[in-house]
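These numbers come from the heavy atoms of this one structure, side chains and all, not from hydrogens, waters or symmetry mates. A, B, ... follow the sequence lines: proteins, then strands. Residue 1 opens every chain.
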Amino acid sequence: MATIWLFGDDVDTDQIVPGRYAPYMNSEAELAKYPFIEARPEFAQEVQPGDIIVAGTNFGCGSSREYAPRALTAVGVAAIIAPSFARIFYRNALNLGLRLFEIDIRDQVADRRQVELDLARPALLVDGQWIELPSPPGWLREAWDEGGIIQYYLKHGRLPLEEDA
Amino acid sequence: MSNEALTLSEQILSHAMGRPVRAGDLVIVEVDRCMSHDSLTPEVIDSFRNELKAERVYDPDRIAIMIDHVAPAASVATADAQVLVRQWAREQGIRQFYDVGYGVCHVVMIEEGLVSPGEIAFGTDSHANAYGAVGAFGTGVGSRDMALTMATGRNWLRVPETIRVDVRGRFRPGVVPKDLSLYLCGLLGLDGARYQTVEFHGLDWLDLDGRETLCSMTTELGAKAGIIPPTGPAAAGWDVPEWLVVQEGAAYARTIVVDLDELTPQVARPYATDNVAPIAEVGEVPVDMVFIGTCTNGRLSDLQAAARILDGQHVAPHVRLLVIPASHRILAEATADGTLATLLAAGATLGTPGCGPCIGRHMGVIGAGEVCLSTGNRNFRGRMGSPDGRVYLASAETAAVTALAGVITDPTGL
C-alpha cells in the first residue's frame with residue numbers, strides 16, 4: 001500500500017526545496033531531509049518509499065533546479081499525479097525516471113488515503129476501484145521505463161527520436 | 001492549401017532541423033549554446049562524469065560557465081563546489097568562464113555576445129528565456145538535460161505553440177517593460193503559456209534592456225521561450241540570419257493585444273507572480289527593504305531610473321535599499337556616469353554583481369515578518385529568505401519611489 005499526499009495548484013520549486021537547501025548549499029547526503037521542509041514539514045519525516053503525490057495544475061513551476069524532483073526521488077516518491085506539470089519539472093522528472101501522470105484525480109482521493117499503484121498497467125487502486133492513468137507518448141514512456149533520458153541514451157547509444165532519422 | 005508561414009520559434013527549430021517543423025512536433029536539435037551556472041553545474045559535472053561517463057564536452061566554445069548564484073562564495077560548501085566547477089571548466093577547455101563578480105549569467109550572455117539571433121540556447125536556469133531578447137530560442141533545462149547536451153551537442157524539444165502579444169502605443173512616463181510583464185502575469189497566470197513561446201510584436205522601438213525584462217519574465221507564465229523579433233534600432237549591428245523574419249499568417253495559439261497607453265504601474269503581491277494588481281489598488285504596504293537588481297531589472301537603465309528619482313533625496317528611515325548591478329560592466333558604467341554616487345548618497349548599499357538575495361541564499365535575504373519590494377522575478381513563499389517574509393515585485397522606478405516613501409508607491413504619482 002502507498003499513501004497519497006495531496007497538494008494544491010501551482011506547487012512551486014521553492015516549496016519543494018527552497019534554494020538555500022540545495023545540495024550546492026549543504027550536501028547531497030542531506031537532500032532527503034528537505035522536500036517541502038517549510039511548506040509541509042511533516043512530509044519528509046513521514047513519507048514512505050512508494051508513496052504518491054496527487055496535486056493540482058502546474059506542479060513544479062518555477063526554477064530549473066533538478067534537486068527539487070531529486071529530493072522527491074530521494075525519499076522514494078513513486079509517482080506524481082496532476083492535471084499538468086511545469087515544463088522543466090516534467091523534463092527533470094523524466095530524466096530522473098520519476099513517473100508523472102497527467103490526470104486530475106483530486107476529487108477521487110483524499111490526503112493520506114491508502115492506495116495501490118500498478119506502474120505497469122498503469123493504474124491506481126482507490127477504494128477497490130482502479131483509476132486508469134494516462135501514459136505519455138511512446139518513446140517518452142520507454143525512456144521513463146528505462147530510468148530516464150540518460151539511461152536511455154546509454155542503453156541505446158542514441159537519443160530517443162533518432163531511430164527515425 | 002496549407003499555410004506555410006511559421007512562428008519565430010518554428011523558424012528557428014526548422015532551421016536547426018533542416019526541414020519545416022510545426023508546433024507539437026517532437027524534435028532532436030543541435031544546441032548552439034549552453035550556459036550553466038554555479039548552482040547546478042556541480043550536478044551537471046556529476047552526471048557528465050559518473051552517469052554518462054563522458055570525457056569531453058561536444059564543443060567548449062559553445063559552452064559558457066558562470067559563477068553568479070552564490071558569488072562570492074558564502075560558505076565552505078559553496079566555495080568547494082566552485083573549486084570543482086573552475087577545475088572542470090579548465091579541464092574541458094571552456095574559455096567562456098565568468099567567475100565571481102562578472103554578473104548574472106543571462107545578462108553576461110547577452111552583454112558578451114555569447115548568444116545570437118536565430119540560435120538555440122539552453123541554460124541550467126529557468127530564466128534562459130531572456131535570450132529571446134536578441135531573437136534567440138532560449139530555454140531552461142535541469143542538470144541532467146545539460147549534461148546530456150554538453151556531452152552530445154543535442155537534445156529533444158517539443159516545438160511549442162506560440163502566444164502572440166501585440167503591443168500598441170507607448171509606455172506613459174513612469175511605466176516600463178516590467179509593468180507590462182507583471183500585467184501579463186496577472187492576465188495569463190502562472191501557467192498561462194505553459195509549454196509555449198510568447199512572441200512580442202509592436203516593440204521595434206524598444207531597447208535591449210526592456211527586451212531582456214520582457215523575455216525573462218515569460219518564464220513566470222510557464223513559457224518555454226519568450227522572443228522579440230530582432231528588428232528595430234536595438235538590433236542594429238546584430239547578425240540576424242536572413243531566414244529569421246516575421247511571417248504573416250503564422251499560426252498562433254492565441255493573440256493578446258495590450259495598449260501601453262492604458263497601462264499603469266503593476267505589482268505582484270506575495271506569494272505568486274500572478275497575484276498582480278495596479279499599485280493604486282494595493283493599499284498602504286510598508287517595506288523593510290528595497291532590492292534593485294537581478295537578471296530581470298538590474299541593468300544600467302534600471303539603476304539610472306532609480307538614480308533620477310533618488311537624486312538629492314534619502315531613503316525613508318528604517319528602509320534598507322540594496323542595489324546589485326546585474327553585471328560588472330553595468331557597475332563600471334554606473335560608476336563612470338555618476339549613477340552609483342547618486343544611489344549611494346541616497347542611502348543605498350551595494351552588492352557584488354550576481355544574483356544577490358533573489359534565490360534566498362545570501363547577500364540580503366529577509367527575515368520573518370519582513371517585507372521586501374524587489375525588482376526580481378519571483379516571490380514564492382521562502383524565495384528570498386524566511387518563509388514568513390513577504391516579497392512584492394515591481395519595476396526599478398517603483399522600487400525607488402517606494403524606498404523614498406517607505407511604503408509601496410506608484411511612481412507615476414510623482
Do [X] and [Y] make a side-chain contact, defined as non-hydrogen atoms from C-beta onward lying under 4.5 Å apart?
{"X": "A:Y153", "Y": "B:L52", "value": "yes"}
{"X": "B:L157", "Y": "A:R91", "value": "yes"}
{"X": "B:F380", "Y": "A:T13", "value": "no"}
{"X": "A:I150", "Y": "B:S47", "value": "yes"}

Heavy-atom pairs under 4.5 Å with chain B: which of [options] has the most?
{"options": "A:G62, A:A86, A:A22, A:P18", "value": "A:G62"}
{"options": "A:S84, A:C61, A:P69, A:S27", "value": "A:S84"}
{"options": "A:A39, A:P23, A:S64", "value": "A:S64"}

Which atoms of [X] come close to chain A, meaning under 4.5 Å heavy atom to heavy atom: side chain ones, backbone ones, both, or neither?
{"X": "B:A128", "answer": "neither"}
{"X": "B:V365", "answer": "neither"}
{"X": "B:L40", "answer": "side chain"}

What are the two closest heavy atoms between [X] and [Y], and how far apart are they?
{"X": "A:F85", "Y": "B:Y195", "value": "O-OH, 3.3 Å"}
{"X": "B:E51", "Y": "A:L154", "value": "O-CD1, 3.1 Å"}
{"X": "B:G382", "Y": "A:R20", "value": "O-NH1, 3.4 Å"}

- Message: Quick one, B:R361 with A:Y21, criterion side-chain contact (heavy atoms from CB on, under 4.5 Å). Give me CA distance, side-chain angles, the key distance, then yes/no.
- Response: CA-CA 9 Å; B:R361 288 174 173 172; A:Y21 295 96; over 6 Å; no
Flag the one option from [options] with the top tally of heavy-atom pairs under 4.5 Å to chain A.
{"options": "B:T139, B:T152, B:D38, B:L148", "result": "B:D38"}
{"options": "B:N377, B:D191, B:D46", "result": "B:D191"}
{"options": "B:A81, B:P42, B:S39, B:G360", "result": "B:S39"}
{"options": "B:T273, B:D125, B:T41", "result": "B:D125"}
{"options": "B:I359, B:T78, B:T219", "result": "B:T78"}

- Query: More than 12 non-hydrogen atoms from neighbouring residues, nucleotides or ligands closer than 6.0 Å to CD on A:E102, yes or no?
  - Reply: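 Yes, enclosed.
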- Message: With no hydrogens and no angle check, just 3.5 Å: does a side-chain donor-acceptor pair link B:S143 and A:R70?
- Response: no
- Compute whether any side-chain donor of one residue and acceptor of the other, for B:D145 and A:N92, lie under 3.5 angstrom apart. no
- Given the rule in the salt bridge (charged side-chain N to carboxylate O under 4.0 Å, His left out) test, do B:R381 and A:E38 qualify, once you have shown the distances and angles that lead to the verdict? CA-CA 9 Å; B:R381 186 186 281 273; A:E38 287 164 355; over 6 Å; no
- Item | B:R154/A:E162 under side-chain contact (heavy atoms from CB on, under 4.5 Å): CA gap, chis, key distance, verdict | CA-CA 11 Å; B:R154 51 197 203 280; A:E162 293 180 327; 2.4 Å; yes
- Would you please test A:D12 and B:R378 for side-chain contact (heavy atoms from CB on, under 4.5 Å) and show each step? CA-CA 10 Å; A:D12 61 74; B:R378 236 168 237 159; over 6 Å; no
- Task: Apply side chain to side chain donor-acceptor pair (under 3.5 Å) to B:D80 and list each qualifying residue two or more places apart in sequence or on a separate chain.
- Result: none
- Query: For A:F89, is it the side chain, the backbone, both, or neither that has a heavy atom closer than 4.5 Å to a heavy atom of chain B?
  - Reply: neither
- Where does A:N26 contact chain B at under 4.5 Å (heavy atoms): side chain, backbone, both or neither? backbone
- Show your working on side-chain contact (heavy atoms from CB on, under 4.5 Å) between A:D14 and B:Y271 and close with a plain yes or no. CA-CA 11 Å; A:D14 283 296; B:Y271 290 103; over 6 Å; no
